[in-house]
Amino acid sequence: MNTQIDNLLHENRQFAPTEEFASNAVAQPSLYEEAAADRLGFWAKQARELITWETPFTKTLDWSNPPFATWFDDGTLNVAYNCLDRHVEAGNGDRVAIYWEGEPGDTREITYAQLTEEVKKAANVLTDLGIGHGDRVAIYMPMIPEAVISMLAVARIGAIHSVVFGGFSSDSLRSRIDDAEAKLVITADGGWRKGKVSSLKPAVDQALAGKDGDTQKTVEHVLVVKRGENEVDWTEGRDIWWHDVVPSASSDHTAQAFEAENPLYILYTSGTTGKPKGILHTSGGYLTQAAFTHRNVFDLHPESDVFWCTADIGWVTGHTYVVYGPLANGATQVMYEGTPESPHQGRWWEIIEKYGVSIFYAAPTAIRSFMKIGRQVPQEFDLSSIRVLGSVGEPINPEAWMWYRNVIGGGSAPIVDTWWQTETGAIMVSPLPGITATKPGSAQVALPGISITVLDESGNPVSNGNGGLLVIDEPWPAMLRGIWGDPERYKETYWEKFGDKYFAGDGARLDEDGDVWLLGRVDDVMNISGHRLSTAEIESALVANEMVAEAAVVGASDETTGQAVVAFVIIKQSHLDEAEQIADIASSLRSWVGEQIGPIARPREVFVVNELPKTRSGKIMRRLLRDLAEGREVGDTTTLADTMVMKVISDQVRS
Ligand code: WTA
């Protein structure tokens, strides 16, 4: 890994913006100067310019009780009004908000006026269902416009949404519903994926029924959009079809303003323990940074650009750059239901050509898998509308970066490699396309108004040319406000290692110019295709199988997905015979994990072993297992309780 990084750090290609791009760019170099001169004043100015406040705020940041921040505390606003009504009032009601493309090829075109009307209707329905200020609503949906409408309707009435990725299992859904004590679930019968309907409602039914009579208690209703047309079971009194209530609802709805710190959403993400954390975001600060970054990082010209972020709304990227950023900015965007290769491998490029997408935001895993297929596929389409490319979710290697620029970006589109997290709410580190000379593989610099540093283990800043841990040393508007229901865990996880500084969990190095290179997670969080999963989460799913006594999971580097899950399991003595009868125990455990958590968590490999490498205090030494999983010479084993154990394990794995 380190030699590879050293090579990267000698990357000397740089691509300065063209003069034409720079002179028309939204972001001008003065942004950095303004923010450096008065950081809080800079954010207050952004908040006033980009957001419409019902009550203007007079205070910017309150950091008197760290790590609990408030931003724009005495201001009030309605987030949905900012994403909808105000654009209509400004005369842009006929502008397309969403070009929606279904996987089978059906389409919908929704203007700002139409989207506003739909959200108003849905908001009235939610109120009729007893949802009010502060109530939690779980959303478990495919990538259809109703997902966006639902999120905005919840926001409009001051309730809190918790979107659960549609690829998660019923167990994962249940634990998230329970943790947030949701009153309502909004879902669909199913959605299209890979050429067929993938059902969702049955997982909601299962989650709510629970196992062994453990019925879920807080959910009163399930609102169901008809999309897949698949057969679904129906619980009378609880389940309601969207089409029976929303279209006929009144579209009269005045958005009420809420406090800037009113919670907007909870989004669960993997931490270092088995229990996902409910990351809490609030309204005014979040929306300010979402809008600011979306405008400046992507150089958005809302009257002419067509933006496309390929992320699912189940992830933070979908929250900030499908819903809140683009809609707050009055952008026109593409939303696509399906997978990149359905029904053919050129689907994404076909969509770019069809809608004239000018700003495209995707993950390195996808780019690498297209690289593998070859440039002849994208070259069949006219991609000349592209002017800015974005990357997110994991480090992008220089080869993929160059391919992206040359093949998708016509050799000239600037690439913004954007580093951020569910916790940061919005982009934190990224080039600005009209200003920064971009470098393949580096996320480069903190945005104006954002302050980061790279520290060594003892908390001292590292100098250029050195590596350490990425830390955010000043509060920022879109920062998480806590972990739902667990303030202690919030403090411990992020704020204890370096006192009053936020520790992001990522390793980073500064090159000779002081540009940041992200090196991946330093904790037990893996990054699979840009999605976060914790080793502990998968280990607990494995030991929940009655045959498994112990399990250790590592993230091994993978050419396409960045990292892949590799599991080592010990079978219980009492189940050895049974395990032997299963032809392929490894593949049955792989599917088991897929059922427990969701297909993204399915290990690439499962090795059945007799022992796991442990220290004298019983801690599993994942580092050694990672060496093995990546096919390397196993490193230093002297701290193992039994130094021979790695030899035994490697013989078993390699046999
Ligand atoms: C990783 C996704 C390198 C990082 C927005 C972070 C990145 C985690 C980049 C957050 C990038 C995200 N370069 N690594 N441009 N962007 N990461 O919460 O490890 O799903 O901590 O948020 O993804 O993942 P999350």
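Ligands are counted one by one from 1 in listed order, and the atoms in each one are counted from 1 as well.
When the salt bridge (charged side-chain N to carboxylate O under 4.0 Å, His left out) test is applied to Arg604, the partners found at least two apart in sequence or on another chain are Asp558. Remark: Ala601 engages Leu533, Ile538, Val593, Ile597 in a side chain to side chain contact (heavy atoms under 4.5 Å, CB included) (not counting sequence neighbours). Applying the side chain to side chain contact (heavy atoms under 4.5 Å, CB included) criterion to Ala437, with sequence neighbours excluded, gives Gln14, Ala16.
Listed by chain and number, residues touching ligand 1 at under 4.0 Å (heavy atoms only) are Val316, Thr317, Val392, Gly393, Glu394, Pro395, Asp417, Thr418, Trp419, Trp420, Gln421, Thr422, Asp506, Leu518, Arg521, Asn527, Arg532.
Taking the six-membered ring where tryptophan is involved, the planes of Phe165 and Phe168 are perpendicular, since the angle between them exceeds 60° and thus also 30°.
A ring-centre distance under 6.0 Å is not found for Trp484 and Tyr265. Taking the six-membered ring where the residue is Trp, the centroids of Trp476 and Tyr502 are separated by under 6.0 Å.
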